[in-house]
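Each remark here refers to the structure printed beneath this line.
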Amino acid sequence: MAILITGGAGYIGTHAMVEFLNEGREVVCVDNFCNSNPVALERVKKITGKDFKHYNVDLLDKDALEKVFSKNEIDSCIHFAGLKAVGESCEMPLKYYHNNLTGTFNLCELLSKYRAKKIVFSSSATVYGKPKSVPITEDFPLSTTNPYGETKLMIERVLKDLYESDNEWSVSILRYFNPIGAHESGLIGEDPKGIPNNLLPYVAQVATGKHPYLRIFGNDYDTHDGTGVRDYIHVVDLAKAHLCAIKRAETRKGIEYFNIGTGKGYSVLDIVAAYEKATGATINYKIMERRLGDVGECYADPTKAYELLGWRAEKDIEDMCRDSFRWQSKNPDGYGE
Ligand code: NAD
Ligand code: UDP
């Protein structure tokens, strides 16, 4: 029996594939490489020494996706595939709604048809909008501030309706906080196209001399040093949470929501200091205006994931910075063209 991994060539998908393969699981990857590179899958094979099937298929092409189901014994699915750039989602909302929603509809219809009614879905802390307080628990009110976040919330609702219509489903909604870092081999990591929007890839590029300085978006938030606070989680820890979620899904039906974070908040200046300490690099920075739509403080209460999944983050901020730097230094142009 195989686990279908959609978006398996992406940043989080590659790290999850490594964990599943190392556990001896059979995986089948589907990705259209709209935001990734086939080289990443070769690197997964190199790290694990294991081969697996992968298909260059768009989830929007239901006929092609069905062929993957008919050729493989798929039993469950980890659903990473989706577009994720917040700014772009505001410029091209229809593209985001179409890709993320229609792709999920096609996938769920086939999971249902082929009696593989177990899905782990990549949601995001963005569904908490501007949280009223921190740490955030799973029962906090939900709202979003952009089309990307809206697609996550809508898919959560679709999956809930699906479960309510058919209790044979097992649905795990994982709400990721801020994944950073890379596999310790330095062979796989985050490969943003163009200039990175997220903090860590930008810091990594400053550390390796691609940019002269980091722009820090605001130092007047109500946080310990005025800069924005987030819950950064090592991508390998995040990948392991999917293994725990699928193991639970294999033994019970239902729908559950989990915060996947460390429970610790670090400010932008904390990250700059941690990066310098872990790597010896210098991170020059300039304080700029706040970035539109940013929240001041966002970090998880991950207790539920520990209690029900038996999962908790093991790697610390130093591991995250060191592994990010190793990946960036060894692959200054990511996976290349
Ligand atoms: P990523 O862009 O690196 O990976 C997503 C993969 O999905 C890419 O390889 C892309 O080519 C593929 N894909 C997109 N649309 C597709 C389609 N229609 N058909 C087939 N493949 C398609 O992103 P990531 O950082 O690995 O994120 C994985 C998931 O986790 C996404 O759903 C994302 O929204 C979610 N998430 C990410 C973060 C983060 O900070 N990275 C935070 C919260 C949630
Ligand atoms: N940030 C920053 N400079 C950058 C990118 C991000 O100061 O070039 C800040 C941002 O304002 C936020 C934190 O870093 O406080 C994390 O931003 P990121 O985009 O990585 O995550 P998100 O805001 O989506 O949680």
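First listed ligand is number 1; within each ligand, the first listed atom is number 1.
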Could a heavy atom of [X] be found less than 4.0 Å from some atom of ligand 1?
{"X": "G103", "value": "no"}
{"X": "R175", "value": "no"}
{"X": "S123", "value": "yes"}

For [atom], which protein heavy atom lies nearest, and how many Å away is it?
{"atom": "atom 11 (O) of ligand 1", "result": "D31 OD1, 2.7 Å"}
{"atom": "atom 9 (C) of ligand 2", "result": "V268 CG2, 3.7 Å"}
{"atom": "atom 15 (N) of ligand 1", "result": "N99 ND2, 3.2 Å"}
{"atom": "atom 19 (O) of ligand 2", "result": "R291 NH2, 2.8 Å"}
{"atom": "atom 15 (O) of ligand 2", "result": "G228 CA, 3.5 Å"}
{"atom": "atom 20 (O) of ligand 2", "result": "L199 N, 2.8 Å"}
{"atom": "atom 25 (O) of ligand 2", "result": "R230 NE, 2.8 Å"}
{"atom": "atom 4 (C) of ligand 2", "result": "F217 CE1, 3.3 Å"}
{"atom": "atom 25 (O) of ligand 1", "result": "K84 NZ, 2.7 Å"}
{"atom": "atom 31 (C) of ligand 1", "result": "F80 O, 3.1 Å"}

Distance-only polar pair, side chains of [X] and [Y], donor-acceptor under 3.5 Å:
{"X": "S112", "Y": "D166", "value": "no"}
{"X": "Y55", "Y": "N72", "value": "yes"}
{"X": "N331", "Y": "R43", "value": "yes"}

Identify, by atom number and element, the atoms of ligand 1 in contact range of [X], meaning under 4.0 Å from any of its heavy atoms.
{"X": "V57", "answer": "19 (N), 20 (C)"}
{"X": "S122", "answer": "29 (C), 30 (O), 32 (O), 35 (C)"}
{"X": "F33", "answer": "11 (O)"}
{"X": "C34", "answer": "10 (C), 11 (O), 13 (N), 14 (C), 15 (N)"}
{"X": "S36", "answer": "8 (C), 9 (O), 11 (O)"}
{"X": "G10", "answer": "3 (O), 4 (O), 9 (O), 26 (O)"}

Going by distance only, is there an N or O of V229 that falls short of 3.5 Å from an N or O of ligand 2?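 It does not: no N or O of V229 is found under 3.5 Å from an N or O of ligand 2.
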
Is there a nitrogen or oxygen of R215 sitting under 3.5 Å from a nitrogen or oxygen of ligand 2? yes

For [X], the ligand 2 atoms whose distance to one of its heavy atoms is below 4.0 Å:
{"X": "Y232", "answer": "13 (C), 16 (C)"}
{"X": "D294", "answer": "10 (C), 11 (O), 12 (C), 23 (O)"}
{"X": "N197", "answer": "5 (C), 19 (O)"}
{"X": "N178", "answer": "21 (O), 22 (P), 25 (O)"}
{"X": "I216", "answer": "7 (O)"}

State plainly whether the residues [X] and [Y] are in salt-bridge range, i.e. N to O under 4.0 Å.
{"X": "R326", "Y": "E184", "answer": "no"}
{"X": "K304", "Y": "E307", "answer": "no"}
{"X": "K247", "Y": "E23", "answer": "yes"}
{"X": "E66", "Y": "K62", "answer": "no"}
{"X": "D333", "Y": "K210", "answer": "yes"}

Atom of [X], atom of [Y] and distance for their closest heavy-atom approach:
{"X": "N106", "Y": "L60", "result": "ND2-O, 3.5 Å"}
{"X": "D231", "Y": "G263", "result": "OD2-N, 3.0 Å"}
{"X": "K84", "Y": "N35", "result": "CE-ND2, 4.1 Å"}
{"X": "P179", "Y": "L238", "result": "CB-CD2, 3.6 Å"}

I'd like to know whether E297 forms a side-chain contact (heavy atoms from CB on, under 4.5 Å) with D222, so could you lay out the CA-CA distance, the side-chain angles of the two residues, the decisive distance to 0.1 Å, and finally the verdict. CA-CA 8 Å; E297 207 167 18; D222 186 16; over 6 Å; no

I'd like the name of whichever of G82, A125, G149, P179 reaches closest to atom 14 (C) of ligand 1 through any heavy atom. G82

Using a 6.0 Å distance limit plus a 45 degree cone around the ring axis, check whether R312 lies over the aromatic ring of Y306. yes

Does any N or O atom in A81 lie less than 3.5 angstrom from one in ligand 1, N or O only?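 Between A81 and ligand 1 (N or O atoms, distance only) the closest approach is not under 3.5 Å.
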
May I ask you to check whether over 12 heavy atoms, not counting those of R252, lie within 6.0 Å of atom CZ?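 It does: R252 CZ has more than 12 such atoms within range.
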
Nearest 0.5 Å please: distance from the CD1 atom of I317 over to the NZ atom of K264. 9.0 Å

